[in-house]
Amino acid sequence: MKKEISEFTEELAANGGSSATLCYQCGTCTLKCPSAKLMTSLRPAHLMRASLLGLKDEALNVDALWQCTTCYTCVEWCPSNVQVVDVITALRNIIVANGDLYENHKKVAQSLIKNGHTVENNDKIKVLRKGLGLPENPETVMDNAAAKADFDKVINLTKFTELVNQ
Ligand code: SF4
Ligand code: SF4
């Protein structure tokens with residue numbers, strides 16, 4: 001058990017989540033988090049606690065991880081300089097590397113691969129844009145050859161498509 005805990009702590013640190021160890025459980029992140037009331041499984045402070053204690057199952061198997069909008073409010077308020085978003089991102093990275101991805105996040109990632117934009121356009125937005133004298137679809141990275149080449153490079157280097165569609 002001790003070995004599993006330290007392996008998880010190392011895995012978390014390797015993914016950028018080492019600052020969880022600075023958390024002293026004051027609860028400010030939960031208090032300030034605009035998504036906390038939706039996080040019925042674990043709130044931000046509890047996520048940090050599970051991470052710093054190396055409780056892998058507890059930290060990885062909660063919907064709360066995917067309800068964080070990465071707004072950084074918690075980071076701005078944390079008195080101990082815990083990079084809460086980095087810890088949450090590290091936890092998400094571990095999950096994705098293990099072949100799992102929250103369904104709604106998968107849709108956003110697939111939209112990015114397909115359109116170069118994380119938010120799919122829809123008929124309502126197209127009508128609104130037209131009314132404002134704008135083209136129906138906003139310009140994305142797909143419309144610029146040099147930007148698209150850079151985009152493809154990042155997608156390929158990170159194996160993004162394989163990770164999203166596994
Ligand atoms: S605000 Fe910082 S120190 Fe306080 S519980 Fe959250 S992460 Fe821990
Ligand atoms: S970054 Fe995530 S955890 Fe932190 S306050 Fe925003 S929604 Fe809450």
Side-chain angles (χ1 to χ4, degrees), residues 1-122 124-125 138 140-141 151 154-155 157-166:
M1 184 68 183
K2 220 173 177 181
K3 188 169 168 263
E4 281 169 24
I5 289 174
S6 75
E7 276 174 4
F8 178 55
T9 307
E10 280 168 27
E11 196 179 6
L12 201 57
N15 279 277
S18 60
S19 69
T21 53
L22 301 173
C23 174
Y24 58 87
Q25 288 293 290
C26 69
T28 306
C29 50
T30 295
L31 188 71
K32 297 290 180 186
C33 173
S35 301
K37 62 173 184 279
L38 301 172
M39 296 178 174
T40 48
S41 45
L42 274 192
R43 298 210 160 104
H46 293 125
L47 270 174
M48 295 309 107
R49 181 172 178 273
S51 300
L52 79 89
L53 292 177
L55 303 176
K56 186 171 186 170
D57 288 343
E58 196 172 330
L60 294 183
N61 296 312
V62 287
D63 283 353
L65 258 189
W66 304 97
Q67 286 156 344
C68 164
T69 61
T70 65
C71 70
Y72 280 82
T73 306
C74 51
V75 176
E76 285 180 13
W77 282 91
C78 175
S80 190
N81 202 26
V82 178
Q83 299 301 306
V84 180
V85 179
D86 288 354
V87 178
I88 289 175
T89 303
L91 293 168
R92 287 178 178 175
N93 284 346
I94 292 168
I95 293 172
V96 173
N98 287 332
D100 206 0
L101 178 57
Y102 203 61
E103 206 45 44
N104 286 343
H105 283 241
K106 183 178 257 194
K107 283 185 199 153
V108 168
Q110 283 170 336
S111 173
L112 178 70
I113 295 166
K114 188 173 143 212
N115 309 311
H117 203 285
T118 51
V119 182
E120 285 261 19
N121 203 358
N122 61 38
K124 195 176 163 194
I125 292 175
T140 74
V141 71
F151 176 80
V154 174
I155 293 281
L157 279 172
T158 56
K159 299 189 174 28
F160 192 73
T161 307
E162 292 91 317
L163 285 170
V164 169
N165 294 320
Q166 61 191 323

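Just so it is clear, the model here is predicted, and its values are computed rather than measured. Order of appearance sets the numbers: ligands from 1, and atoms from 1 within every ligand. Position 1 is the first residue of the sequence, and the numbers go up from there.
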Which atoms of ligand 1 sit under 4.0 Å from any heavy atom of Cys29?
1 (S), 5 (S), 6 (Fe), 7 (S)
If the cut-off is 4.0 Å to any non-hydrogen atom of Gly27, which atoms of ligand 1 fall inside it?
4 (Fe), 5 (S)
Please name the residue in the list Val96, Val154, Leu112, Asn165 that meets the side chain to side chain contact (heavy atoms under 4.5 Å, CB included) test with Phe160.
Leu112
Taking [atom] as the reference point, the nearest protein heavy atom with its distance:
| atom | value |
| --- | --- |
| atom 3 (S) of ligand 2 | Pro44 CG, 3.7 Å |
| atom 7 (S) of ligand 2 | Thr69 N, 3.4 Å |
| atom 4 (Fe) of ligand 1 | Cys26 SG, 2.3 Å |
| atom 5 (S) of ligand 2 | Cys74 N, 3.4 Å |
| atom 8 (Fe) of ligand 2 | Cys33 SG, 2.3 Å |
| atom 2 (Fe) of ligand 2 | Cys68 SG, 2.3 Å |
| atom 6 (Fe) of ligand 2 | Cys71 SG, 2.3 Å |

Dump the intermediate steps for salt bridge (charged side-chain N to carboxylate O under 4.0 Å, His left out) on Glu120 and Lys107, then the final yes or no.
CA-CA 9 Å; Glu120 285 261 19; Lys107 283 185 199 153; over 6 Å; no
Below 30° counts as parallel, above 60° as perpendicular, anything between as tilted: where do the rings of Tyr102 and Trp66 land?
parallel
Quick one: which ligand 2 atoms are inside 4.0 Å of a heavy atom on [X]?
| X | answer |
| --- | --- |
| Val85 | 1 (S) |
| Pro34 | 5 (S) |
| Thr70 | 1 (S), 2 (Fe) |

With rounding to the nearest 0.5 Å, note down the distance linking NE2 in His46 to CD in Glu58.
9.0 Å
How long is the span from the CD1 atom in Ile94 to the OG1 atom in Thr89, to the nearest 0.5 Å?
11.0 Å
Donor-acceptor contact below 3.5 Å, side chain Ser111 vs main chain His117:
yes
Search all heavy atoms of Ser19 against all heavy atoms of Gln83 and return the closest pair with its distance.
OG-N, 2.8 Å
Would you call Lys32 and Glu76 a side-chain contact if the rule is heavy atoms closer than 4.5 Å?
no
